[in-house]
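Report on one structure; see the data block that follows.
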Amino acid sequence: QGDERNEAQRQVDDFLAYLTNVRRLSSHTVAAYRRDLADFCVFWSSHAAGSLDSVGEAHIRQWLAGAHRRGLAASTQQRRLSALRALFTWRSGVSGLRHNPAAAVRAPRKHRKLPRTLEVDEVGSLLVAPDDDPLLLRDVAIAELLYSSGLRLAELQAVDLGDLDRSERLLRVTGKGGKTRSVPVGGQALNAIDAWLAVRPVPRDAASQQALFLSSRCQRISQRSIQVRLAKLAKRNGTGRGVHPHMLRH
């Protein structure tokens, strides 16, 4: 019985030797594999024991369920499952296993943190600018459009004058993969754009003439400039924390 209980550990040791001597992985990486596989060996010895070639998907799912009940982090479970997949892939070459029992098993997904957003009063403070500063009028129009239409940074930077349909209050946007869509534009955003257009200079170079938002050099504004100007606008208007385009999008 002791030999049966040690069989799984012997197979894991052989796998670790393969990683060390054939794959030439670092000692730190091999040690990480050893730690990740140790828990499954304990589980296997207490449930069935014997060769790892007898492990099935149900066993692995049971092992993961136990880890979940113990409060093990999803990222840790994913890492351990990845080590187990690698072990059974190696075993398939050694013993001729036709099926990797860990291949179709999925660990719990990592918890995704919600993006930081602005409170309503913070947005109100951000979207204020004096009437006599063209660049600040432009910056507010940029912030209003980001906030109103949920644009990505690259999408906003690429907006042309002809993309705005005032009668329908729609904006034609070219997104990822060159796909075009229409998004609604709110009244406040339209008013801010009109205030900017009233002071917008006319570029000399043809490449920038159609751009909705221009830099101080009268060229299409860069994505980096949009990020910097939004941060400065937030600081100037006392928003109290850093503001970036993706925050307004959310």
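Nothing here was measured: the structure is a model prediction, and the numbers come from that model.
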Heavy-atom donor-acceptor pair, [X] side chain to [Y] backbone, under 3.5 Å:
X	Y	result
S225	I221	no
S182	L170	no
S208	R220	yes
E7	L52	no
R85	V105	yes
D160	D163	no
R217	L214	no
T76	L72	no
S148	G186	yes
S26	T29	yes

Return the [atom1] to [atom2] distance between [X] and [Y], rounded to the nearest 0.5 Å.
X	Y	atom1	atom2	result
Q78	D36	CD	CG	12.0 Å
F15	R23	CZ	CZ	7.5 Å
R181	S149	CZ	OG	9.0 Å
L19	Y33	CG	OH	6.0 Å

Pairing of [X] and [Y] as salt bridge, 4.0 angstrom limit:
X	Y	result
K232	D139	no
R138	D133	no
R172	E155	no

- [ ] For D13 and Q9, test the side chains for any donor-to-acceptor distance below 3.5 angstrom and give the result as yes or no.
- [x]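 Q9 and D13 do have a side-chain donor-acceptor pair below 3.5 Å.
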Open item on the list: Please tell me whether L161 and V183 are part of a single hydrophobic cluster in this structure, the criterion being side-chain heavy atoms less than 4.5 Å apart.
Closed with: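 Yes.
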Task: L153 with L146, same ILVMFWY side-chain cluster at under 4.5 Å - done: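 Both belong to a single hydrophobic cluster.
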Task: Ring geometry between F40 and F43 (parallel below 30°, tilted from 30 to 60°, perpendicular above 60°) - done: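 Plane angle between 30° and 60°, so tilted.
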Side-chain contact, heavy-atom cut-off 4.5 Å: [X] with [Y]?
X	Y	result
I142	W196	no
I193	E144	no
L25	T20	no

Task: Test side-chain contact (heavy atoms from CB on, under 4.5 Å) applied to R204 - qualifying residues, sequence neighbours left out - done: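 R204 satisfies side-chain contact (heavy atoms from CB on, under 4.5 Å) with no residue once adjacent residues are dropped.
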- [ ] Give the C-alpha distance, both sets of side-chain angles, the deciding distance and a yes or no for salt bridge (charged side-chain N to carboxylate O under 4.0 Å, His left out) between R91 and D14.
- [x] CA-CA 10 Å; R91 284 297 304 165; D14 289 344; 5.7 Å; no
